[in-house]
Amino acid sequence: MTDVDGCLVDRVTRSHAAADAALDRLKQARVPVVLCSSKTRAELERLRQELGLSDPFISENGGALFAPVGAFPFALTGAVGRDAHEVVEFGKPHREVLEVLKRVAAREGVPVSTFSDMSVQDVADDCGLSLAAARLAKLREYDEPYRVAASDPSARSRLCRALRSAGLRCANGGRYDHVTSGANKGLAAVFLRRCYERQWGHVTTVGLGDAANDVELLRAVDVPVIVRGPDAEVTAAMAAQIRGAVVTAAVGPAGWSEAVVAILDGHQGH
Ligand SMILES: [Mg+2]
């Protein structure tokens with residue numbers, strides 16, 4: 001189960017070239033590769049197509065789990081059918097999350113700029129995306145990315161505390177802070193793990209992440225891997241929160257590849 005930006009895909013160039021060989025080995029070994037990202041369903045469907053993946057995936061920081069119909073020889077508990085997927089929703093609808101974010105930010109006097117307020121062009125410019133990709137990134141169903149537009153650095157943590165008191169969850173995903181309700185990557189990962197256990201019996205799960213919104217995911221897996229990022233403080237803070245985590249030597253997709261190859265080689269050696 002892997003995060004995308006800063007892990008499988010370079011955060012700046014958006015290239016996954018450095019991870020391609022390791023990804024091919026996983027496909028050959030028929031190891032499911034589950035994308036688990038803050039990205040939308042639309043963005044992840046496009047990326048899965050590009051990478052040649054057909055496994056279940058988790059969108060918007062655990063907002064929902066999408067399993068292609070027939071991925072498991074049983075119906076997923078609580079799933080609804082949507083297009084070619086069984087969908088298990090963990091997050092409350094995006095509209096409700098955005099409403100609470102705006103209300104709490106106004107009450108706290110913290111100015112925020114949210115993804116929903118930004119035009120497609122703004123999102124493209126700010127995230128280094130094409131207009132087509134920015135359009136997909138704006139199709140939020142559960143999670144809202146936002147930035148605090150205040151010069152006072154304490155405003156950001158104050159808003160985050162107030163959102164938590166209001167029952168929401170916020171975590172930094174690298175580029176933006178993200179707010180969700182009722183969801184995190186770990187809950188969806190645990191649910192999916194149980195599906196694989198029901199199908200195969202014992203399974204070993206590996207999680208790869210690089211930012212604060214990956215902590216629950218890495219806590220939910222057997223083998224947690226922290227993919228090193230450009231900010232040493234973020235990496236160190238994660239390592240302090242996740243017992244037994246491996247930290248990669250290389251940054252981004254090269255680090256992702258390094259960890260996957262080491263795990264596959266170690267497994268073969270058994
Ligand atoms: Mg990331």
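Note that the structure is predicted; figures quoted are calculated from it, not measured. Ligands are counted one by one from 1 in listed order, and the atoms in each one are counted from 1 as well.
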Plane angle bin for Phe66 and Phe57 - parallel if under 30°, tilted between 30 and 60°, otherwise perpendicular
parallel
I need the minimum non-hydrogen distance between Val123 and Ala137, along with the two atoms involved.
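That would be CG1-CB, 4.5 Å.
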Take atom CD in Glu233; do more than 12 heavy atoms of anything else shown fall under 6.0 Å from it?
no
Which of Glu89, Arg41, His94, Lys92 passes side chain to side chain donor-acceptor pair (under 3.5 Å) with Tyr142? It is Glu89
Could you walk me through whether His178 and Glu60 satisfy the side chain to side chain donor-acceptor pair (under 3.5 Å) test, starting with their C-alpha distance in whole Å, then the side-chain angles of each, then the deciding distance to 0.1 Å, before giving a yes or no?
CA-CA 9 Å; His178 287 257; Glu60 297 190 47; over 6 Å; no
What are the protein N, O or S atoms, given as residue plus atom name, that sit under 2.8 Å from the Mg ion (ligand 1)?
Asp3 OD2, Asp5 O, Asp210 OD1
Under 3.5 Å, is there a donor-acceptor pair between the Thr205 and Arg193 side chains?
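Yes, a side-chain donor-acceptor pair sits under 3.5 Å.
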